[in-house]
Amino acid sequence: MNDALESLLGLLALERIEQDIFRGQSRPSVVPRVFGGQVAAQALVAAGRTVPADRPPHSLHAYFLRPGDPGAPIVYTVDRIRDGRSFTTRRVVAVQHGQPVFHLSASFQVTEDGLEHQEPMPPAPDPLELPTAAEMLPRYADRFVDPGVAERLLESRAAIDLRYVDAPPFGTVGEVRDPRSQVWFRTQGKLDDDGEIPRPLLDICLVTYVSDMTLLDSILLAHGRGGWAVGDVVGASLDHAMWFHRPLRADEWLLYDQESPTAQGGRGLGKGRIFTADGQLAVSVIQEGVIRVPRGQEAQEAQEAQEAQEA
């Protein structure tokens, strides 16, 4: 386990300040706000710490309400909505500077037997044959608005071994591609079975953390956009939903298969499926985000398109 993963686990080990009130810290991000995956994972930890360990999460639905301040703590208040025989429901509100920044509803279920089927795992290369982030990101440093972005991205993702199957959006700027992308990921090191956060809650919270990293990439691919680091779009996550179907381990390879069925009105939709390496569909994810072309750039592109048509 590397230092970055230990630091991430420390972020998830929330401080309990009252029975159902927890406090979490943040770390610097590549953008001037708290990373959405962090606040979602911390909120799920807060909810999970009020639920019996034999009831892992089976779904969450969340809204990003305001940009989080990475320099200030976040307070998570848990409401115990329902404790049933099979299902438990929790609501969590994350507050900073007296205002809610994030809202999450999560449901937990005892393990049961039942009907079983799933979509097959799509083809994907062996993750060990793909370049690591440290090998891949420096290739595109000259495309970023700020040359230091590549280094900050590496630092922010140092706890996770994340490998793109194909070039990321910032690698093929200007090239319209199918709105699909794939990444393999796992933690940078093995997780302890007897840590402060019990498994499988820890694995699910770590996957929640990673799920917000690349889900909107497929929207950018459909329009030949490189993303915020390139400066040709601005955006942010709006809402996030996940369903946890089967057991998984965050320290073993997981395939994140992602696509975008639509974009409109300044918003884009991303859908994802997370498979274990042996082909089990473990998680389904849906997220909508703001995706806008900067106003000055949009006008310039429209003028260039008109000139090209008239030529």
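All values reported here derive from a predicted model rather than from experimental measurement.
- Under the 3.5 Å distance criterion, the side-chain polar atoms of Asp232 are matched with a main-chain donor or acceptor of Gly226.
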**OP:** Determine, stepwise, if the pair Thr132 / Arg163 fulfils side-chain contact (heavy atoms from CB on, under 4.5 Å).
**Re:** CA-CA 6 Å; Thr132 65; Arg163 307 191 186 194; 3.5 Å; yes
**OP:** Let me see the working for Phe170 and Phe144 under ring pair (Phe, Tyr, Trp, His ring centres under 6.0 Å), right down to the final yes or no.
**Re:** CA-CA 8 Å; Phe170 49 78; Phe144 298 146; 5.1 Å; yes
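- The heavy-atom pair separating Pro131 from Arg139 by the smallest distance is CB-NH2, 3.8 Å.
- With contacts defined as side-chain heavy-atom distances shorter than 4.5 Å, the pair Leu269/Ile286 qualifies.
- Side-chain N or O atoms of Arg199 include one that pairs as donor or acceptor with a backbone N or O of Leu191 at under 3.5 Å.
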Original post:
Please walk me through it: do Leu206 and Leu12 pass side-chain contact (heavy atoms from CB on, under 4.5 Å)?
Top reply: CA-CA 9 Å; Leu206 285 167; Leu12 296 182; 3.8 Å; yes
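- For Thr172 (side chain) and Glu175 (main-chain N/O), no donor-acceptor pair under 3.5 Å exists by modelled atom type.
- In terms of hydrophobic clustering, with Ile, Leu, Val, Met, Phe, Trp and Tyr side chains grouped at heavy-atom distances under 4.5 Å, Leu130 and Met121 are assigned to a common cluster.
- Heavy atoms only, all atoms of each residue included: Pro247 and Thr276 are closest at O-CG2, 4.0 Å.
- In this structure, the side chain of Arg23 does not engage the main chain of Ile17 through any donor-acceptor pair within 3.5 Å.
- Minimum interatomic distance between Ser260 and Ser218 (heavy atoms only, all atoms of both residues): N-OG, 3.3 Å.
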Subject >> Trace of the side-chain contact (heavy atoms from CB on, under 4.5 Å) decision for Met213 with Arg157 >> reply: CA-CA 9 Å; Met213 286 184 175; Arg157 296 182 178 183; 4.1 Å; yes
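- Here the closest non-hydrogen pair linking Ala47 and Val51 is O-CG2, 3.4 Å.
- Between the side chains of Asp212 and His240, no donor-acceptor pair of N or O atoms lies under 3.5 Å.
- Put simply, the side chain of Arg273 reaches to within 4.5 Å of the side chain of Pro122, judged on heavy atoms.
- With a 4.5 Å cut-off on side-chain heavy atoms, Val285 and Lys271 do not count as touching.
- When all heavy atoms are compared, the tightest approach of Leu216 to Gln287 is CG-OE1, 3.3 Å.
- Within the model, atoms CE of Met242 and CG of Leu44 stand 8.5 Å from one another, a figure rounded to the nearest 0.5 Å.
- The OG atom of Ser107 sits 14.0 Å away from the CZ atom of Arg91 when rounded to the nearest 0.5 Å.
- Using a 4.5 Å cut-off between side-chain heavy atoms of Ile, Leu, Val, Met, Phe, Trp and Tyr, with links allowed through other members, Tyr209 and Phe185 fall into the same hydrophobic cluster.
- The hydrophobic cluster containing Val165 does not contain Leu221, counting ILVMFWY residues as joined when their side-chain heavy atoms lie under 4.5 angstrom apart, directly or transitively.
- A salt bridge links Arg180 with Asp257: the closest approach of a Lys/Arg side-chain nitrogen to an acidic carboxylate oxygen falls below 4.0 angstrom.
- Here the CG atom belonging to Leu5 is positioned 9.0 Å from the OG atom belonging to Ser7, to the nearest 0.5 angstrom.
- In the hydrophobic cluster analysis, where Ile, Leu, Val, Met, Phe, Trp and Tyr join through side-chain heavy atoms closer than 4.5 angstrom, Phe108 is grouped together with Val207.
- Between Phe22 and Tyr76, the distance separating the two ring centers is not shorter than 6.0 angstrom.
- Although no hydrogens or angles enter the test, the distance criterion places no donor-acceptor pair under 3.5 Å between the side chain of Arg292 and the main chain of Gly266.
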**OP:** Evaluate the criterion side-chain contact (heavy atoms from CB on, under 4.5 Å) for residue pair Val39 and Phe64; output intermediate values, then yes/no.
**Re:** CA-CA 9 Å; Val39 69; Phe64 300 91; 4.0 Å; yes
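- Between Ile21 atom CD1 and Thr77 atom OG1 the span is 4.5 Å, to the nearest 0.5 Å.
- Residues His58 and Phe87 place their aromatic rings such that the two centres sit under 6.0 Å apart.
- Put simply, the side chain of Gln42 reaches to within 4.5 Å of the side chain of Ile74, judged on heavy atoms.
- Atom CG of Asp3 sits in a sparse spot, with 12 or fewer heavy atoms from other residues, nucleotides or ligands closer than 6.0 Å.
- Side chain of Gln188 to main chain of Asn2: no donor-acceptor pair is present (N/O by atom type, distance under 3.5 Å, no hydrogens or angles).
- When side chains are defined from C-beta on, Phe102 counts as touching Leu104, because their heavy atoms get closer than 4.5 Å.
- Follow the hydrophobic side-chain contacts under 4.5 Å out from Val210 and you never reach Leu255; the two are in separate clusters.
- Using modelled atom types, no side-chain atom of Glu252 and backbone atom of Arg249 make a donor-acceptor pair closer than 3.5 Å.
- Here the two rings, on Tyr256 and Phe275, have centers that are 6.0 Å apart or farther.
- Comment: Arg90 engages Asp83 in a salt bridge, judged by a side-chain N to carboxylate O separation of less than 4.0 angstrom.
- Note that CG of Asp251 and CZ of Arg186 are 9.0 Å apart. Values are rounded to the nearest 0.5 Å.
- Nearest heavy-atom pair, Pro168 versus Arg177, reported as atom, atom and distance to 0.1 Å: O-NH1, 3.8 Å.
- Using a 4.5 Å heavy-atom cutoff, the side chains of Arg225 and Pro169 are not in contact.
- From Ile81, atom CD1 reaches atom OG of Ser105 across 7.0 Å, with rounding to the nearest 0.5 Å.
- Thr262 and Gln264 form a side-chain donor-acceptor contact under 3.5 Å, judged by distance and modelled atom types alone.
- At distances below 3.5 Å, not a single donor-acceptor pair connects side-chain atoms of Asp192 with backbone N or O atoms of Asp194.
- Of the candidates Asp20, Thr89, Thr88, Arg80 forms a side chain to side chain donor-acceptor pair (under 3.5 Å) with just one, namely Asp20.
- Under the 3.5 Å distance criterion, the side-chain polar atoms of Gln96 are matched with a main-chain donor or acceptor of Asp69.
- For the pair Gln25 (side chain) and Ala72 (backbone), a donor-acceptor distance under 3.5 Å is absent.
- Within the 4.5 Å cutoff, no side-chain heavy atoms of Leu238 are placed close to those of Tyr63.
- Taking the side chain as every heavy atom from C-beta outward, Gln118 and Arg246 approach each other to under 4.5 Å.
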